[in-house]
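Take a look at the structure set out below.
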Amino acid sequence: MEAVVFVFSLLDCCALIFLSVYFIITLSDLECDYINARSCCSKLNKWVIPELIGHTVVTVLMLISLHWFIFLLNLPVATWNIYRFIMVPSGNMGVFDPTEIHNRGQLKSHMKEAMIKLGFHLLCFFMYLYR
């Protein structure tokens, strides 16, 4: 059973790494003005929920399989993803909003968040691979 848990977690982590790289590439395209804010935000917003579900499933799976250290490692990131999704203002398009992405340094903070998540998922990838 433990092998199945970690194989699933490894595959899920690969998908999350891909999403993190996709977020970084799309945000850097917006930063360089290769795409406009509306298309960038619509591309990114459609992947917010799959990222949220993927990470939450792995976190709950680690809780159920009693891997406490990995659960506690994943819990803050899963909590942040849920908090970020829940706290979207009512008039916004989603987590990434085209009218606000250039205001108050949101583009830089989204880019920094995507880089941190990429590093986190790479760390988790090698942990799952080792287990």
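This one's a predicted model, so the numbers in the text were calculated from it and none came from an experiment. Reckoned from all heavy atoms, side chains included, excluding hydrogens, waters and symmetry mates. Each residue takes its place number in the sequence, starting with 1.
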Side chain to side chain, Tyr128 and Met62, heavy atoms closer than 4.5 Å: yes

Arg38, CZ atom: more than 12 neighbouring heavy atoms under 6.0 Å: no

Atom pair CG (Leu10) and CZ (Phe125), whose distance is rounded to the nearest 0.5 Å: 5.0 Å

For the student: nearest non-hydrogen atoms of Pro98 and Cys41, plus distance: N-SG, 3.4 Å

Main-chain N/O of Phe96 paired to Asn45 side chain as donor or acceptor, under 3.5 Å: yes

From Cys40 atom SG to Leu107 atom CG, the distance as rounded to the nearest 0.5 Å: 7.5 Å

Donor-acceptor contact below 3.5 Å, side chain Thr26 vs main chain Phe23: no

Leu129 and Phe126, any side-chain heavy atoms less than 4.5 Å apart: yes

Atom pair CG/CD1 of Leu52 and Ile82 - distance to nearest 0.5 Å: 5.5 Å

Heavy-atom check, side chain of Ser9 versus side chain of Leu61, under 4.5 Å: yes

Hphob cluster co-occupancy, Met93 + Ile35, side-chain heavy atoms under 4.5 angstrom: no

Whether Asn74 side chain and Ile70 backbone form a donor-acceptor pair below 3.5 Å: yes

Verdict with supporting geometry, Trp80 and Glu113, side chain to side chain contact (heavy atoms under 4.5 Å, CB included): CA-CA 11 Å; Trp80 173 252; Glu113 179 184 332; 3.3 Å; yes

Single-linkage hydrophobic cluster, 4.5 Å side-chain cutoff, Val57 and Val7 together: no

Same apolar cluster: Met87 and Leu75, side chain cutoff 4.5 Å: yes

Separation of Leu122 CG from Cys13 SG (nearest 0.5 Å): 7.5 Å

Salt bridge flag under 4.0 Å for residues Arg84 and Glu51: yes

Residues Met127, Leu73; criterion side chain to side chain contact (heavy atoms under 4.5 Å, CB included); working and verdict: CA-CA 11 Å; Met127 267 191 338; Leu73 186 68; 3.2 Å; yes

Note, Val77 side chain near Asn81 side chain (heavy atom, < 4.5 Å): yes

Passing candidate, side-chain contact (heavy atoms from CB on, under 4.5 Å) with His121, options Ile116, Leu16, Leu19: Leu16

Thr59 vs Leu63, side chain to side chain contact (heavy atoms under 4.5 Å, CB included): CA-CA, chis, key distance, verdict: CA-CA 6 Å; Thr59 305; Leu63 174 65; over 6 Å; no

Whether His55 side chain and Asp12 backbone form a donor-acceptor pair below 3.5 Å: no

Sub-4.5 Å side-chain heavy-atom contact between Ile101 and Leu27: yes

Between His67 and Phe6, ring centroids under 6.0 Å: yes

Transitive ILVMFWY side-chain link Leu30 to Tyr34, under 4.5 Å: no

ILVMFWY network linking Tyr83 to Ile53, side-chain heavy atoms under 4.5 angstrom: yes

Donor + acceptor pair across side chains of Asn36, Ser39 (<3.5 Å): yes

Parallel, tilted or perpendicular: rings of Trp68 and Phe71 (30°, 60°): perpendicular

